[in-house]
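Everything on this sheet refers to the single structure shown next.
First listed ligand is number 1; within each ligand, the first listed atom is number 1. Each residue takes its place number in the sequence, starting with 1. Because the structure is predicted, anything quoted here is derived from the model rather than measured.
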Amino acid sequence: MNDHMNGETNGDVNNVNGVTDDISHVLYDTKEFQPYDPTQEIIFPPELKLHPEWQTQNLVFRGPRVSYLRPSSLSELLCLKAEHPGARIVVGNTEVGIEVKFKNQTYPVLINPTNVAELTKVALTKGGVAFGASVTLSAVEETLRRQVNALPEYRTRIFSAILEMLRWFGGKQIRNAAAIGGNIMTSSPISDLNPLLAAAGARLTVRSAENGEREILMDQHFFTGYRRNSVRPEEVLVTVLIPFSQKSEYFLGFKQSRRREDDIAIVNAGLRVSSCGRHDRGGGGRWRSEDGPTTNLEGRCWDSSLLETGTSRLLQKLPLAPSAPGGMVEYRRTLALSFFFKFYLSVRGRLSEQFPSLVAALTEEEKEATKEHRHVTPKSTQLFQTVSYLIWGVGPLGQSPQDPIGRPLTHASALQQATGEALYVDDLPRYQNELYGALVLSSRAHARILSIDASHARGMEGVERVFFAEDLEAERNKTGCILTDEEIFVSDTVTCVGQVVGLVVAKDQATAQRAAKLDAIREKSWWGPWTIDQGDVEQGLKSSPHVLEGEMHVGGQEHFYLETNAHLAVPRGEDGGMDVFSSTQNPTLTQQLVARALGVACNRVTCRVKRMGGGFGGKETRNNSVTLPICVAASVLNRPVRIMLDRDEDMQITGTRHPFLGRWKVGVTKDGFFTALDMEFYANAGCSANQSLDVVQKAMLSMDNVYRCKNRRVTGYACRTHLPSNTAFRGFGGPQGMLFTEDMVARAADFLGMDHDEIRRKNMIDSGDVTHFDQPLDRCTIRRCWDDVIAQSTYHARREAVERFNK
Ligand SMILES: Cc1cc2nc3c(=O)[nH]c(=O)nc-3n(C[C@H](O)[C@H](O)[C@H](O)COP(=O)(O)OP(=O)(O)OC[C@H]3O[C@@H](n4cnc5c(N)ncnc54)[C@H](O)[C@@H]3O)c2cc1C
């Protein structure tokens, strides 16, 4: 390996099995890089810094729809709140912003209290730490951590639990902006802090101009309903006191969500227990528990009988109706029990350390159950063969420098993207007379459009024009990538939420998006089936010693490309020509469809793709739902029109990978050889054909995966549904088809009591086999590849370790 090279890898190359002299992991030579110069770091632009004097002054911004007020004293804040009882206080805007953007809420008066000293200070008191309601969660985190480091452990158990919870609270950016008061006042049932604050007995100070100050204990009576609490509308939350814990108290918080970080809790809990007796009994004393509104275990010993009672009382007192918001009723009840169990074990562990003669120590298995999750960043290393160069004049000693095979080539834009220098469509400079487009989307899954009232949007200042189907000749309104079964603007019947009904073109993005939120629209079948077969499936199944059946659902995924759909249509000014700057994966199709929509020849349209910003299949065809409307608008207005979708708009409009249902029936011998296989695939195509037909067929072609079976048949359906049209996604149906086969393989192995890998290897294809789509296999290396992967990944050792862990 070359010492001069970087050797940069976040994996451990020395531990990778099978690394030999001709295998390398070195991607580039760091000597080629400019040395790091800290003086070149970007600074906060001085012109954007507020003058210190303005920082402390009252501010008032009055716009046509919203007034934004920033008072600088508590008395001014209370007066403003009395004057505008409906005003919204806003600090981090991470709740209010969501209500305005996604729930179409309007708040004519917003009051920012971040200049009010009482709401921004942190004070250490006898009973705990008092945080001003506008203190950000990052500042809360910092203060609590300081206390945890400075005070005896028993005093800060509540703080430690809150710190642990804050690790899973939003992302850093959210915690830097969001305030503790905003979380409490939103009173959302999915709040991560409220269960802990309630279990801790946090005390709130609220004030109003008329009634002065009062204190509220944050207990089970504080929350009065969904997103409601006992703070009165005229009151302002001033401080939140988080108490110190006592020596005899234990406190823990738990959160379960789909993802570990930055996700909404499915269930969360704050659990506190305090001793109020002597430790003179085998179980470790008498205890009072405050685990929220659910159950009271006062006076019980901390032993297995408490666990029993606590569990059954929790079950009785968690009466989640089957229709409870959020669903997953049984799962949530089970989670609540498992939190209680984890809490019980954790406390028992602590007690056994304190009173070893009275409380039995936790077993290793029990200790494992109490461990906090710590995320370990996965490491990986890319290995490749070193390829020598051809030395001209000396002879063919190696590979031509032009031959990329075997060489690790970095992505052409990798450096620009890593440094932020890469330019995307929306980075293109604005044209002088450019307009901005925003799509008018359907809000129903299946509905006739009875009428559209766009008078409000048309009357808005800054709106140039609003386009609907009537603005385009019916024939030119038709579009679609394989079948012409879609419309640029839906004319009569919408068939999914998020279908494009119209386009507002305005002077800027904000105006266009506001006008496009029109609330004035009043508003069977499948393709296929196709079958591929080989051999005689019926006979094969009939003669098989065992026949097994099963089915499996596979969900779709959002493409989540880095750059959302961004397009700029620039009319050429002659012959109806158009230059389209698009982040499409398929410039040719875009060119063809734009030409059709404009009623011009293809050579009048140029589609330029500067950079895609990710696509993964999502911009192969679905970009056209966004590109075509702006091209129509640009052509009619003869002015450039730009659009870049917000993430939520993009997700709503563009569809995902196809969710599939796969059914299989397999005949297998007692030794694990497949004799016959019959499969059916049903793909959720969404509301139009798009690429679904090809995706289904690709799934069918991939159903053999790497296995042979003499008799097999697969039938595929692309089912039409009232959802956005699903589309290409890496693998294009292949992963779904292979997954159903792997499901079948694993279940057949389980049935026969065989090792999964043994049955896999037994049935693997080899040279001389013929696939179910009649391709003879030649030089088939799958077995060698499989054996190499097993050896290099130390698969068997890892599997044994997993099995040991799961025992
Ligand atoms: C991407 C993202 C991730 C998130 N992740 C999480 C998470 O993991 N866990 C979680 O619990 N929440 C999460 N949230 C929700 C949100 O961040 C928190 O609720 C946050 O604490 C709200 O604080 P804020 O300052 O932004 O509130 P704002 O939006 O400014 O205000 C929220 C509400 O509180 C009221 N309010 C604020 N201060 C006062 C006061 N002094 N007196 C009276 N009323 C007041 C406001 O009027 C408003 O109704 C997330 C939000 C986003 C956008």
Side-chain angles (χ1 to χ4, degrees), residues 68-71 74 77-78 80-82 84-103 105 107-121 130-141 162 164-198 204-209 213-214 216 222 226-240 253-270 646-648:
Y68 184 90
L69 317 171
R70 194 190 68 182
L74 183 56
L77 170 65
L78 297 179
L80 284 173
K81 194 77 177 93
H84 308 281
R88 259 289 189 264
I89 290 182
V90 62
V91 182
N93 199 34
T94 62
E95 292 280 3
V96 174
I98 300 276
E99 290 167 17
V100 171
K101 180 148 174 55
F102 299 111
K103 300 180 186 167
Q105 294 278 8
Y107 297 119
V109 182
L110 292 172
I111 308 176
N112 176 342
T114 52
N115 255 11
V116 175
E118 288 84 342
L119 271 77
T120 50
K121 73 178 180 203
F131 291 97
S134 303
V135 173
T136 64
L137 295 174
S138 293
V140 169
E141 222 172 335
I162 292 177
E164 178 62 21
M165 185 61 86
L166 284 173
R167 277 181 358 105
W168 311 118
F169 191 118
K172 186 99 183 130
Q173 295 92 330
I174 292 292
R175 296 198 298 273
N176 282 346
I180 184 166
N183 199 256
I184 296 171
M185 290 305 294
T186 302
S187 297
S188 161
I190 53 166
S191 154
D192 284 336
L193 284 187
N194 287 341
L196 271 71
L197 295 175
L204 310 180
T205 317
V206 296
R207 270 187 94 94
S208 70
E213 187 168 292
R214 70 184 177 110
I216 308 176
F222 176 70
Y226 180 74
R227 286 182 165 242
R228 287 212 308 269
N229 59 46
S230 51
V231 179
R232 299 181 195 124
E234 69 280 8
E235 286 175 331
V236 166
L237 175 61
V238 182
T239 59
V240 183
F254 299 102
K255 170 174 177 176
Q256 180 69 47
S257 46
R258 285 177 181 81
R259 280 192 315 257
R260 273 280 163 197
E261 278 151 339
D262 207 356
D263 199 2
I264 290 171
I266 299 169
V267 176
N268 52 20
D646 286 350
R647 180 65 68 183
D648 62 306

Tell me if a side-chain donor or acceptor on [X] pairs with a main-chain N or O of [Y] at a distance below 3.5 Å.
X    : Y    : value
K81  : P233 : yes
S188 : I190 : yes
N176 : S138 : no

Using a strict 4.0 Å threshold on nitrogen-to-oxygen distance, state whether [X] and [Y] make a salt bridge.
X    : Y    : result
R167 : E141 : no
E95  : R88  : no
E164 : K255 : no

In terms of heavy-atom contacts, does CZ of R647 have more than 12 from other residues, nucleotides or ligands at under 6.0 Å?
-> yes

Nearest-contact summary for [atom] - protein heavy atom, Å:
atom                    : answer
atom 45 (C) of ligand 1 : M185 CG, 3.6 Å
atom 9 (N) of ligand 1  : D192 OD2, 2.8 Å
atom 8 (O) of ligand 1  : G170 N, 2.8 Å
atom 17 (O) of ligand 1 : T94 OG1, 2.7 Å
atom 48 (C) of ligand 1 : V96 CG2, 3.6 Å
atom 12 (N) of ligand 1 : F169 CZ, 3.3 Å
atom 28 (P) of ligand 1 : N93 N, 3.7 Å
atom 30 (O) of ligand 1 : V91 N, 2.7 Å

Pair D263-S257, side-chain hydrogen bond (donor to acceptor under 3.5 Å, both in side chains): steps then yes or no = CA-CA 6 Å; D263 199 2; S257 46; 4.6 Å; no

Hey, looking at [atom], which of [options] has the closest heavy atom?
atom                    : options              : value
atom 32 (C) of ligand 1 : N194, T186, N183     : T186
atom 52 (C) of ligand 1 : L119, T136, I174     : I174
atom 24 (P) of ligand 1 : A87, A177, P233, G92 : G92

Between S230 and I216, what is the shortest heavy-atom contact and its length?
-> OG-CG2, 4.1 Å

Considering all heavy atoms of both residues, which atom of A177 and which atom of T136 are nearest to each other, and what is their separation?
-> O-CG2, 4.0 Å

Number the atoms of ligand 1 from 1 as they appear, then name those within less than 4.0 Å of a heavy atom of [X], with their elements.
X    : result
A179 : 21 (O), 23 (O), 24 (P), 25 (O)
K255 : 8 (O)
V90  : 30 (O)
E95  : 15 (C), 16 (C), 18 (C), 19 (O), 22 (C), 29 (O), 32 (C)
A133 : 41 (N)
S191 : 11 (O)

Does ligand 1 come near enough to [X] that some N or O of the ligand is less than 3.5 Å from an N or O of the residue?
X    : answer
A178 : no
I89  : yes
L237 : yes
G181 : no
E235 : no

Full working for side-chain contact (heavy atoms from CB on, under 4.5 Å) between V240 and I184 = CA-CA 9 Å; V240 183; I184 296 171; 3.7 Å; yes

L119 and T239: CA distance, side-chain angles, deciding distance, side-chain contact (heavy atoms from CB on, under 4.5 Å) verdict | CA-CA 7 Å; L119 271 77; T239 59; over 6 Å; no

Worked check of side-chain contact (heavy atoms from CB on, under 4.5 Å) between D646 and K101 = CA-CA 11 Å; D646 286 350; K101 180 148 174 55; 2.6 Å; yes

